[in-house]
Amino acid sequence: MRFLITAGPTREPIDPVRYISNRSSGKMGYAIAEAALEAGHDVILISGPVNLAPPSGVRAVSILTSDEMYDAVHRHMRDCDLLVMCAAVADYKAQEVSATKIKKRDEHLALDLILTRDILASLPNEDRQFLVVGFAAETNDVEENAAKKLREKNCDIIVANDISSVDSGMESDANEVTILFRNGEKKKISRAPKKIIARELVKIFLHSQEKRLTKKM
């Protein structure tokens, strides 16, 4: 199988020095890429800026902004069997980016933010040959918000995790997740190292895609 995996944060520039980003470390996405490789599959890893080396054997694509992530996903998605959208793409970006550093002033500064392009929502819905896995990092109402994302973004699977805990989720080496399927099924993976969770997720993704392909035959 051919995996296309996104990982890490994006950086949305404000000026040449400052940017909008988030705390994503990329560890979960990189662990999934490594697990897919270990299972004998081909992997393209589209990654935002992280302090991690790509697993040996992946085809790595480096990006910075949400627009670059959008373009990279659309460039490679037709050649994949499983699209795993693990990256924490910024929801907003500056409406105008200053060409020079914004100087500190003794007054209030307001930034006008606009929505970034929604990659999941932009994916084809009909006659889609690849499985789409979304991720939902939530601080409250985790399963409800994840189920809403599953429906609205037309994903096949959503992997939800509670990032309000200090010892799992973003920047941590551990995680615990709830996997929601389009047919209403649900599966939980208890807190464990991200590399262990990644191996289980890869098995689940592959099984779901195999079932999906069998139905179409």
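Rounded to the nearest 0.5 angstrom, Asn161 CG and Asn175 CG are separated by 4.5 Å. One finds the NZ atom of Lys149 at 13.5 Å from the CG atom of Asn154 (value rounded to the nearest 0.5 Å). Here Ser24 contributes atom OG and Asn22 contributes atom CG; the two are 5.5 Å apart, rounded to the nearest 0.5 Å. Of the inter-residue distances, the one linking Leu52 atom CG with Glu34 atom CD reads 10.5 Å to the nearest 0.5 angstrom. Expressed to the nearest 0.5 Å, how far OG of Ser56 lies from CG of Leu37 amounts to 8.0 Å. Distance check: Ile204 CD1 to Gln209 CD gives 14.5 Å after rounding to the nearest 0.5 Å.
Arg59 has no carboxylate O lying under 4.0 Å from a charged side-chain N of Asp42, or vice versa, which leaves the two without a salt bridge. The pair Asp173-Lys194 does not count as a salt bridge, with every side-chain nitrogen at least 4.0 angstrom from each carboxylate oxygen. Contact check on Glu176 versus Lys188 returns no salt bridge, with no Lys/Arg side-chain nitrogen under 4.0 Å from an Asp/Glu carboxylate oxygen. A salt bridge is absent between Glu171 and Lys27: the closest approach of a Lys/Arg side-chain nitrogen to an acidic carboxylate oxygen does not fall below 4.0 angstrom.
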Query raised in the report: Passes side-chain contact (heavy atoms from CB on, under 4.5 Å), Arg212 versus Leu131? Steps please.
Result: CA-CA 8 Å; Arg212 187 170 173 273; Leu131 184 85; 3.9 Å; yes

Requested in this report: Mind running salt bridge (Lys or Arg N to Asp or Glu O under 4.0 Å) on Asp15 and Lys101 for me, showing each step along the way?
Outcome: CA-CA 5 Å; Asp15 64 18; Lys101 180 184 175 183; over 6 Å; no

Query raised in the report: side-chain contact (heavy atoms from CB on, under 4.5 Å) between Val61 and Glu68: does it pass, once the steps are laid out?
Result: CA-CA 10 Å; Val61 179; Glu68 291 175 359; over 6 Å; no

Requested in this report: Kindly indicate, with the supporting measurements, whether the criterion side-chain contact (heavy atoms from CB on, under 4.5 Å) is fulfilled by Ile102 and Val17.
Outcome: CA-CA 9 Å; Ile102 300 171; Val17 177; over 6 Å; no

Report task. Show your reasoning for whether side-chain contact (heavy atoms from CB on, under 4.5 Å) applies to Ile46 and Met69. Result -> CA-CA 7 Å; Ile46 303 173; Met69 178 74 79; 3.5 Å; yes

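Scanning both residues, Ala33 and Pro55, for their nearest heavy atoms gives CB-CG, 4.4 Å. Considering every non-hydrogen atom in both Asn183 and Glu185, the closest pair reads OD1-N, 3.0 Å. Among all heavy-atom pairs drawn from Ala146 and Ala160, the shortest one is CB-CB, 3.5 Å. Here the closest heavy-atom approach between residue Phe181 and residue Leu150 is recorded as O-CD2, 3.5 Å. Nearest heavy atom pair, residue Asn140 against residue Asn145, reads O-ND2, 2.9 Å. The two residues Gly29 and Leu45 come nearest to each other via the heavy atoms O-CD1, 4.4 Å.
Looking only at side-chain heavy atoms (C-beta outward), Ile20 and Leu113 come within less than 4.5 Å of each other. Arg128 is listed as a side-chain neighbour of Asp156, based on a closest heavy-atom distance under 4.5 Å. Proximity of Pro9 to Val50: side-chain heavy atoms (C-beta onward) are separated by under 4.5 Å at one or more points. The shortest distance between side-chain heavy atoms of Ile197 and Met28 falls below 4.5 Å. Asp118 has its side chain out of reach of Thr116: every pair of non-hydrogen atoms, C-beta onward, lies at least 4.5 Å apart. Inter-residue side-chain proximity for Glu138 and Glu143 is flagged as unmet; no heavy-atom pair is nearer than 4.5 Å. Residues Thr65 and Pro13 are in side-chain contact: their nearest non-hydrogen atoms beyond the backbone lie under 4.5 Å apart. Side-chain atoms of Arg182 and Ile157, non-hydrogen and from C-beta on, never get closer than 4.5 Å to each other.
The cluster map of Ile, Leu, Val, Met, Phe, Trp and Tyr, joined by side-chain heavy atoms under 4.5 Å apart, puts Leu115 and Leu111 in the same cluster. Note on Leu180 and Ile32: separate hydrophobic clusters, where clusters join Ile, Leu, Val, Met, Phe, Trp and Tyr whose side-chain heavy atoms are under 4.5 Å apart, directly or indirectly. Taking hydrophobic clusters as Ile, Leu, Val, Met, Phe, Trp and Tyr residues chained together by side-chain heavy-atom distances below 4.5 Å, Val202 does not share a cluster with Ile196. Taken together through direct or relayed side-chain contacts under 4.5 Å among Ile, Leu, Val, Met, Phe, Trp and Tyr, Val177 and Val142 form parts of separate hydrophobic clusters. By the criterion of side-chain heavy atoms lying less than 4.5 angstrom apart, applied directly or through intervening Ile, Leu, Val, Met, Phe, Trp or Tyr residues, Ile158 is not grouped with Ile163; the two fall into different hydrophobic clusters.
Between Phe205 and Phe135, the angle of the ring planes goes over 60°, which puts this pair in the perpendicular group of the 30/60° scheme.
A donor atom on one side chain and an acceptor atom on the other are not found under 3.5 Å apart for Ser25 and Tyr30. Side chains of Glu12 and Thr10: a donor-acceptor N/O pair is present below 3.5 angstrom, by distance only.
For Tyr70, the side chain to side chain contact (heavy atoms under 4.5 Å, CB included) test picks out His74, Arg117, Ile119, Ser122, with sequence neighbours left out.
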Show me the side-chain donor-acceptor pairs of residues 76-98 shorter than 3.5 Å, one per line, residues at least two apart or across chains.
residue: Asp81; atom: OD1; partner: Arg2; partner atom: NH2; Å: 3.2
residue: Asp81; atom: OD2; partner: Arg2; partner atom: N; Å: 2.8
residue: Asp81; atom: OD2; partner: Arg2; partner atom: NE; Å: 3.1
residue: Lys93; atom: NZ; partner: Asp67; partner atom: OD2; Å: 2.9
residue: Ser98; atom: OG; partner: Thr100; partner atom: N; Å: 3.3
residue: Ser98; atom: OG; partner: Thr100; partner atom: O; Å: 2.5

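Residue Glu126 qualifies as open at atom CD: its count of foreign heavy atoms under 6.0 Å is 12 or below.
For His41 (side chain) and Ala36 (main-chain N/O), no donor-acceptor pair under 3.5 Å exists by modelled atom type.
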